[in-house]
Amino acid sequence: MTKKASAPSTAETAAKPASGLAHKDAPINAQLTKEQRIDLFRQMVRIRRFEERTLRVYQQGKIGGFLHLYIGQESVAVGTVSLKGQHDHYITAYRDHGHALAVGMSMNECMAELQGKYTGCSKGKGGSMHYFAPDKNFWGGHGIVGGQTPLGAGLAFGLKYKGLKGSCLCFMGDGAVNQGAFAEALNLASLWALPVVFVIENNGYSMGTSLARSSAATPLAKRADGYAMDWEVLNGANIWEVRARTAEAMKRAHESCRPTLLEMDTYRYRGHSMSDPEKYRDKAEVEEYKAKHDPINLLRADLLADGTLDEATATKIDDEAKAEADASAKFADESPFPPPEEIFRDVYWETDNPDKRTSQGRLFFND
Amino acid sequence: MPLITYRQAINDALAEELTRDENVIIMGEEVAQFNGAYKVTEGLLEKFGPKRIIDTPISEAGFIGIGIGASLLGVRPVMELMFWSFAYVAFDQMINNAANVRYMSGGLMHCPIVIRGPANGGTAVGATHSHTPENFIANTPGLKVVCPATAYDAKGLMKAAIRDNDPVYVMENTILYNEKWEVPETDYVVPLGKADIKREGKDVSIIAHGRAVITSLKAAEILKAEHGIDAEVVDLRSIRPLDEETILASVRKTHRVVLVEENKPFCGVDAQIAFMIQDKAFDDLDAPIRRVSSLDAPQVYSMPLEKLQIPDAHRVIAAVKTIC
Ligand SMILES: Cc1ncc(C[n+]2csc(CCOP(=O)(O)OP(=O)(O)O)c2C)c(N)n1
Ligand SMILES: [Mg+2]
């Protein structure tokens, strides 16, 4: 990929061969049925259409403070989550809508959450940055940059402790790697041989700061060398490559209980959140991405070319995704806000399970 | 006097201090090229250049620690936290190092650092982004903490903080950034540790800090107009040092007290104020002290619920009515 001309990683990544098609033949991809391939496309389209709809809802003033869109990065969440087995777990930062839909959370609960509605995935208590679905092995949705990285290692610790053959995929941005907690998590993961796959979604910017202005050395994943951990940089816009290389890392976690650090080159089309004038990058750069590296267009073209998909089906999938997103907006609109008592629920396990309470004394201190 | 925003007032304070003292520098995420996530540092890079207005990676523990270290050699860093909620990743530096180096060196060093940024709920950004840690800071001897409620105070306190030789942590409020107040063009400081009577009254003292002062002023207007109650509003401005004299003088005048804060109640700032008042002015009280704080739960995202969580004028009025 030729991108982020200012970023020192350009040379590294551009030097790599356009390897997507080779990865398509990797066993993990070759074994997919036609329907499964189409489903990868469908999931990416659903995320794109959902988020485009959230943007309109935001503009109507129905969504709170922040809305970080994942548009442009869909292949990373869909590709990695498509590898999920029973004991594979996922955790990410605040740019979490893509991972949430990919693990199977519904558009309805996600849209309702954005509007602070009772029918939202967190009953309206978390908002855009704090989606969770433990029943789907999805542990959030974390608002503090880098804060989720030790948790990802901790989920892996839990799997190993319990003797489960699984892994935790822990996502973060290119800016998050500079949090101290991440360095500590890397060392612990390698020292204790934890089955975690750290995934840096390198979209070139942390807010208005380019990669070159935030990290002293690239590729970012090379930091793993300092912790005797395997690492790799890959083209995140190519879902075959994402799947093939992530599958290897997950295998390393499952079979040898070793962590991996993957850096996936990707790009966000929208501003960091909603109020971002985007003066830190050229319009042309964004347009180049949309034109040449759009993960959905790339997969669409590929599936059309190999006969998996036809135009009519592709259009139908897109129409269905739009209709589903529209319906979710309607669902959210028609849903109630949580009742005021909800403010005090879910603070402590004990107060939600009063018959099983073991501590004594007063827990809440209102005036 | 010109009307300027709270944001502009802080920007002016920073620019004036950068001009006055070449050791003053600004450091933080997006403070330079992006002009600040909330535009508080807008234009400073252009005026003062990249040596003094410094963008950092997302490494709060690292850059705040660097600020503390530099301050030992006489640099006067003004660090921006994009949100005070992010202070927790740098707490070791802010608490263990900044607060203690002077003490543990037997007074051999001092740490003239300012750490500033918004600390407030009320903008539907969820529990991780809505913390009000003034009580945590005030709980730490060695640190100073101020919470300006108006543009005038924001500017004056910021300048005092930058000139102070101890670590001063300034907590702003994103909801106030666009609000306008009269601010003189002349150089002035608001001394740390000086409370301000924002409204004179005789029936009850409403004591508040930060945006709760604005809420209390609103409540006082309604109390006067609709209930015939004449409330005095005391703005603490500075939490530590604390202006006990102004608080006690007001209590001795009105004999009734309502404490208002956006902090959570348990071990909140007002717990200390309430103790102090009963300790030093017990005989002057004609009624129990009342408190209004944020509802005692993590900050809820849902907008209508968060409105209920943060004190509003109605809750202040209701509290006043129980003792007047
Ligand atoms: C500890 C902390 N500091 C700062 C922020 C504010 N912030 C939110 S996102 C962000 C940029 C993160 O960039 P990156 O890690 O590259 O992720 P991306 O937004 O590109 O997905 C910043 C500075 C935060 N949420 N937490
Ligand atoms: Mg990024």
Side-chain angles (χ1 to χ4, degrees), chain A residues 62-66 94 113-118 120 122-130 141-147 173 175-181 206-210 213-216 272-273 275-277 279-280 337-347 362-367, chain B residues 29-30 32-35 37-39 55-63 65 82-83 85-86 88-90 92 122-130 174 258-260 264-268 270-271 290-306 308-309 311 315 318-319:
Chain A
K62 294 177 186 166
I63 296 178
F66 295 131
Y94 47 84
E113 186 62 30
L114 296 179
Q115 296 199 29
K117 295 297 180 80
Y118 207 18
S122 300
K123 303 180 204 162
K125 293 183 178 184
S128 161
M129 302 190 288
H130 309 117
H142 293 266
I144 298 300
V145 168
V177 302
N178 294 318
Q179 278 291 6
S206 46
M207 289 191 74
T209 304
S210 67
R213 294 207 302 123
S214 62
S215 279
H272 168 73
S273 180
S275 57
D276 175 358
K279 288 189 188 141
Y280 49 85
F337 285 109
E341 314 85 83
E342 270 301 329
I343 290 177
F344 298 112
R345 293 198 190 123
D346 308 317
V347 181
R362 182 172 167 190
L363 279 170
F364 291 96
F365 293 83
N366 288 298
D367 317 309
Chain B
E29 290 154 22
E30 309 292 350
Q33 291 192 20
F34 198 75
N35 280 313
Y38 286 98
K39 303 294 167 231
D55 276 326
T56 69
I58 314 168
S59 308
E60 286 87 355
F63 73 74
M82 195 179 289
F83 284 74
S85 290
F86 309 153
Y88 300 126
V89 304
D92 178 52
T123 58
V125 289
T128 58
H129 282 57
S130 305
T174 54
V258 174
L259 305 172
V260 188
K264 300 286 169 9
F266 193 65
C267 298
D270 284 346
R290 296 285 175 213
R291 266 182 96 180
V292 181
S293 348
S294 281
L295 299 183
D296 194 16
Q299 202 75 8
V300 67
Y301 167 75
S302 187
M303 310 68 163
L305 267 63
E306 199 190 16
L308 299 176
Q309 188 164 21
R315 274 174 63 202

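Chain letters run A, B, ... following the sequence lines, proteins first and then strands; every chain starts at 1. Below, all heavy atoms of this structure are taken into account, side chains as well, without hydrogens, waters or symmetry copies.
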Locate the shortest heavy-atom distance separating B:V125 from A:M129; write the atom from each residue and the value. O-CE, 3.2 Å

Are the side chain of A:N366 and the backbone N or O of B:D296 linked by a donor-acceptor pair below 3.5 Å? yes

For B:F83, is it the side chain, the backbone, both, or neither that has a heavy atom closer than 4.5 Å to a heavy atom of chain A? side chain

How long is the gap from CG on B:L305 to CD on A:E341, to the nearest 0.5 Å? 8.5 Å

Tell me the closest heavy-atom pair linking B:T128 and A:I144, and the distance in Å. O-CD1, 3.5 Å

Quick one: closest heavy-atom pair of A:G124 and B:V300, and the distance? O-CG2, 4.5 Å

Under 4.5 Å from any heavy atom of chain A - which part of B:Y38: side chain

Roughly how far, to the nearest 0.5 Å, is the OH atom of B:Y301 from the OG atom of A:S128? 7.0 Å

Could you tell me if the side chain of B:M303 sits less than 4.5 Å from the side chain of A:K62, heavy atoms only? no

Heavy-atom side-chain contact between A:F364 and B:L295 under 4.5 Å: no

Would you mind telling me which of B:T123, B:L308, B:V292 has the largest number of heavy-atom pairs within less than 4.5 Å of chain A? B:V292

Taking side chain as everything from C-beta outward and backbone as N, CA, C, O, which of these in B:R290 sits under 4.5 Å from a heavy atom of chain A? Side chain, backbone, both or neither. neither

Are any of the side-chain heavy atoms of B:I58 and A:S214 separated by less than 4.5 Å? no

CD/B:E30 to OG/A:S206 distance, rounded to the nearest 0.5 angstrom? 6.5 Å

Strictly by modelled atom types, are B:S59 and A:Q179 linked by a side-chain donor-acceptor pair under 3.5 Å? no

Is it the side chain or the backbone of A:I63 that comes within 4.5 Å of chain B heavy atoms, both, or neither? both

Parallel, tilted or perpendicular: rings of A:F66 and B:H129 (30°, 60°): perpendicular

Region of A:K279 in contact with chain B, defined by heavy-atom distances below 4.5 Å: neither

With a 4.5 Å cut-off on side-chain heavy atoms, are A:M207 and B:M82 touching? yes

Find the one option among B:A61, B:S293, B:A37 whose heavy-atom pairs under 4.5 Å with chain A are most numerous. B:S293

Checking heavy atoms, do the side chain of B:S294, its backbone, both or neither come under 4.5 Å from chain A? backbone

Between A:F344 and B:A297, the two heavy atoms sitting closest are CD2-CB, 4.2 Å

To the closest 0.5 Å, what do you measure between CD (B:E306) and CD1 (A:I343)? 9.0 Å

Specify the closest pair of heavy atoms between A:P338 and B:S302, including all atoms of both residues, with the distance to one decimal. CD-OG, 3.4 Å

